[in-house]
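In this text, all values refer to a predicted model and were calculated from it rather than measured experimentally. Side-chain atoms are counted along with the backbone in the values below, which use heavy atoms only and exclude waters and symmetry mates. Numbers restart at 1 for each chain; the letters A, B, ... are given by sequence-line order, proteins then strands.
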Amino acid sequence: MPDPETDPISVRLSKLVELERIGIDPYPSSWGVTDLAADLLEAFQDDGPDIECRIAGRVVAIRRHGKTTFSHLADRSGRIQAYLRQDELGDSYDLVDHLDIGDFVGVAGHLFRTRTGEITVRVGEAALLAKALRPLPFGKLVESEDGDRTYHRVVDREFRYRQRYADLAVRPEARRVFERRSRIIRCLRNELERRGFLEVETPVLQPVYGGATARPFVTHHQTLGIPLYLRIADELYLKRCVVGGLERVYEVAKDFRNEGIDRFHSPEFTMLEFYQAYADYEDFMALAEELLVGLVGELTGGTEITYQGRTVDATPPWPRIGFLDALAERGVAIDDLSRSALAAEAKRHEVEISEQEREGKILEALFDHLVEPTLEGPVFVIDHPRATSPLAKAHSRDSRLVERFEAYLFGREWANAFSELNDPRDQRRRFEDQADLAATGDLEAPNVVDEDFLRALEYGMPPTAGMGIGIDRLVMFLTDQPSIRDVILFPALRPEDGRVTEGEDTDQPIVEDGVDL
RNA sequence: GGGCCUGUAACUCAAUCGGUAGAGUAUCGGCCUUUUAAGCCGAGAGUUGUGGGUUCGAGUCCCACCGGGCCCA
């Protein structure tokens, strides 16, 4: 049992109660900030005019010297020192007795430079804006060999992910990752807008899931009495937009896939998809190059990307290698793409496949094992076998292939694009093949043929190119973060209390009752 | 699903071969009217993730479970 006299939370709580007792609201409504720390530091001149200011922020340091106190306040722009004197503040100096690191305070006064040279607010008015009951996890002081003293911030990954609020409060580098994430998405939006793309919003809850091969999350709509699926992709809806004449559309979409979690996979993730009528995958390879090199230039001013100690140059044009050629280079026989031949190749290369996996899956398994890890990039893998790509248009020169590319960086796919299949007859055949897979127990295959999408295609879709960019991975590369959880603010984790809902976690989708709000 | 690693104070970490669980920061009390994540004096703080087992004795060894990480499938 922690001692209530010294337990940090108990102590802060009793300070809070004491404040209320003497008539100070520990959670007032507003303060009326007029200045930012960084602006004040910028504006101050030693022989310049007096600067009055009014700021607010979190207390990140307090140094008490009896009748005088120094403190640092941090706001979104940075931090600035405040200097409080009992002889100038009178009774309100008592606030200092009830102040802790982490509290939010407002301070008004004028700027001066201290004896030691730091630009500081000499405080004429101070107010508690919000009491923090829980101490922030500032870490241990460590001294390096050259005498530098730094504080360890929270290094425990679980702590960072579970309590991102505290992680952000304590690690500026965490804040920078998410600022940069925002900037990356904004840059992509700007570039697409500049090219005449229209941002649209399409259903997250879909009656038929499609646009990718993945296990979905299932939910249930009470009033309609039907199952609904959280989208695994928005592809088929964006193409419906193109059918309707929205010739250039994009969506920054949260997609959901009910699959494993690892360093590169999260059950919910962000995908940017965009579609352009009258373009093909060749056009989009050029676009992929421009988008990435533009982003890198915007963020770094250069063309190089360094990820976890590895550096690549994004300058176009990037090499292109045929999917099957890449396999052939690794010694895979590609003349015969029948299931039996492919299964034999998988066995020969010690790539495990299950009994029910068909041609497309086997090819992907071979590729993932033999080729993908070698693709340091940037590089395009192009012209995939038909069986791997049920939504891509048949290749104009080789009917075994489709017009598709995947862009790779550091051994990972970050973009996937193709000339979209717009022949409704061919699309129907491919859907029916998928439905056959589902019938044989492939949980990733769509459950039914999306008749509504076929109806849309029957109205006619112009030749169209489409691309999907995995935003989280791209942000990982451009912020040099090792795990997808480092670029998602609140990543999925097991429940902290260890309780797992009892129920059969079978391989069949579980239909759960939604809560009717 | 498999392998390896991991869980000790609020935070970061120690604890020799199985032998009294410690340190810095933070917290509390005291002094201090220009400090630099101040200084000095003093104090409190732990069911070592949970539950079993081995042992005279377990943070340490064994088993199960819970959480997390990395690698593989």
Side-chain angles (χ1 to χ4, degrees), chain A residues 1-15 18 58-74 79-90 93 96-103 111-123 132-143 148-163 166-167 169-172 259-265 308 346 350-354 357 361 364-365 368-369 373 411 482-486 491-500 505 507:
Chain A
M1 180 88 88
D3 181 354
E5 295 294 314
T6 58
D7 171 60
I9 294 177
S10 307
V11 166
R12 287 167 182 240
L13 191 55
S14 56
K15 285 179 182 171
E18 174 64 13
R58 206 191 265 276
V59 174
V60 293
I62 309 176
R63 293 177 294 281
R64 298 197 53 191
H65 304 260
K67 298 185 179 62
T68 191
T69 296
F70 288 91
S71 176
H72 273 93
L73 300 191
R79 57 170 60 187
I80 191 167
Q81 182 168 255
Y83 177 51
L84 300 90
R85 294 170 60 101
Q86 189 178 48
D87 58 4
E88 292 178 5
L89 285 163
Y93 185 77
V96 173
D97 290 333
H98 303 93
L99 216 51
D100 290 294
I101 290 174
D103 291 349
L111 294 182
F112 77 112
R113 190 184 289 276
T114 64
R115 201 175 285 168
T116 50
E118 178 160 356
I119 298 164
T120 300
V121 182
R122 188 155 186 149
V123 177
L133 288 181
R134 200 176 278 273
L136 285 168
F138 288 99
K140 179 187 184 180
L141 180 69
V142 288
E143 224 161 316
D148 275 355
R149 302 204 311 167
T150 53
Y151 277 79
H152 271 297
R153 317 276 180 176
V154 179
V155 295
D156 181 67
R157 303 181 79 82
E158 182 180 0
F159 186 99
R160 289 185 187 176
Y161 302 151
R162 284 200 195 279
Q163 301 189 40
D167 181 37
V170 141
R171 289 173 54 238
E259 296 174 342
I261 299 177
D262 65 28
R263 221 152 56 79
F264 287 92
H265 295 87
Q308 303 291 290
E350 296 176 342
V351 173
E352 275 187 46
I353 55 163
S354 71
E357 280 183 357
K361 282 288 189 61
E364 281 167 1
D368 289 350
H369 281 86
S483 169
I484 196 168
R485 284 175 162 167
D486 297 315
L493 294 174
R494 281 199 170 78
E496 198 169 359
D497 56 18
R499 274 187 301 108
V500 177
D505 188 14
D507 277 349

task = List for me each residue that meets side chain to side chain contact (heavy atoms under 4.5 Å, CB included) alongside A:Gln308, sequence neighbours excluded, and say none if there are none.
result =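 A:Gln308 satisfies side chain to side chain contact (heavy atoms under 4.5 Å, CB included) with A:Asp480, A:Pro482 only.
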
Are OP1 or OP2 of [N] and a side-chain N or O of [X] less than 4.0 angstrom apart?
X        : N     : answer
A:Arg63  : B:U35 : no
A:Arg134 : B:A10 : no
A:His369 : B:C72 : no
A:Lys15  : B:C28 : yes

Over all strands shown, is [X] touching base, sugar-phosphate only, or nothing at heavy-atom distances under 4.0 angstrom?
X        : result
A:Glu118 : base
A:Gln86  : nothing
A:Arg64  : base
A:Asp87  : base
A:Tyr93  : nothing
A:Arg122 : base

In this structure, how many angstroms lie between the [atom2] atom of [N] and the [atom1] atom of [X], rounded?
X        : N     : atom1 : atom2 : answer
A:Arg160 : B:U12 : CZ    : P     : 10 Å
A:Tyr83  : B:U34 : OH    : P     : 6 Å
A:Arg162 : B:G49 : CZ    : P     : 16 Å
A:Phe70  : B:G39 : CZ    : C1'   : 14 Å
A:His65  : B:G39 : NE2   : P     : 10 Å
A:Asp486 : B:C70 : CG    : C1'   : 13 Å
A:Leu133 : B:U27 : CG    : P     : 15 Å
A:Leu99  : B:U27 : CG    : C1'   : 15 Å

ask   = How close do A:Ala74 and A:Val60 get, heavy atom to heavy atom, and via which atoms?
value =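 The answer is CB-CG1, 3.7 Å.
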
request  = Over all heavy atoms of both residues, which pair between A:Tyr93 and A:Lys67 is shortest? Give the atoms and the distance, please.
outcome  =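 Closest approach of A:Tyr93 to A:Lys67, heavy atoms only: OH-C, 3.1 Å.
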
query = Side-chain donor or acceptor of A:Thr68 under 3.5 Å from a matching atom on the base of B:U34?
reply =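 It does not, because no donor-acceptor pair links the side chain of A:Thr68 to the base of B:U34 below 3.5 Å.
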
Side-chain-base donor-acceptor pair under 3.5 Å for A:Arg115 and B:U34 =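 When only heavy-atom distances are counted, A:Arg115 does not reach the base of B:U34 through any donor-acceptor pair under 3.5 Å.
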
Using the [atom1] atom on both, measure [N] against [M] and round to a whole Å.
N     : M     : atom1 : answer
B:G39 : B:A26 : P     : 8 Å
B:G44 : B:C4  : P     : 44 Å
B:U27 : B:G22 : P     : 23 Å
B:U20 : B:A64 : C1'   : 30 Å
B:C63 : B:U54 : C1'   : 11 Å
B:U50 : B:C11 : C1'   : 23 Å
B:U48 : B:G59 : P     : 7 Å
B:G3  : B:G19 : P     : 30 Å

Between [options], which nucleotide gets closest to the side-chain atoms of [X]?
X        : options             : value
A:Phe159 : B:C71, B:C11, B:C28 : B:C11
A:Asp100 : B:A73, B:U33, B:C28 : B:C28
A:Gln81  : B:U27, B:C71, B:U35 : B:U35

inquiry  = Only Watson-Crick and G-U wobble pairs, only distances under 3.5 Å, only runs of 3 or more: what stems does that leave for RNA chain B?
reply    =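 Stem list for RNA chain B: B:1-7 with B:66-72, B:10-13 with B:22-25, B:27-31 with B:39-43, B:49-53 with B:61-65.
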
Any chance you could measure [X], atom [atom1], to [Y], atom [atom2], to the nearest 0.5 Å?
X        : Y        : atom1 : atom2 : result
A:Glu259 : A:His265 : CD    : NE2   : 7.5 Å
A:Leu73  : A:Ile80  : CG    : CD1   : 8.5 Å
A:Asp100 : A:Lys15  : CG    : NZ    : 3.5 Å
A:Asp103 : A:Ile62  : CG    : CD1   : 7.0 Å

request  = Determine whether A:Arg122 and A:Arg85 make a side-chain contact, defined as any pair of heavy atoms from C-beta on separated by less than 4.5 Å.
outcome  =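 Yes - at least one pair of side-chain heavy atoms lies under 4.5 Å apart.
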
inquiry  = Do A:Val121 and A:Leu111 make a side-chain contact, defined as non-hydrogen atoms from C-beta onward lying under 4.5 Å apart?
reply    =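 Contact flag for A:Val121/A:Leu111 side chains = yes.
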
inquiry  = Quick check on RNA chain B: between A:Ser71 and A:Arg12, whose nearest nucleotide comes earlier from the 5' end?
reply    =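 On the 5' side of the pair lies A:Arg12.
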
ask   = Parallel, tilted or perpendicular: which describes the rings of A:Tyr83 and A:Phe112, with under 30° parallel and over 60° perpendicular?
value =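 Taking A:Phe112 first and then A:Tyr83, their aromatic rings sit tilted (interplane angle of 30° to 60°).
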
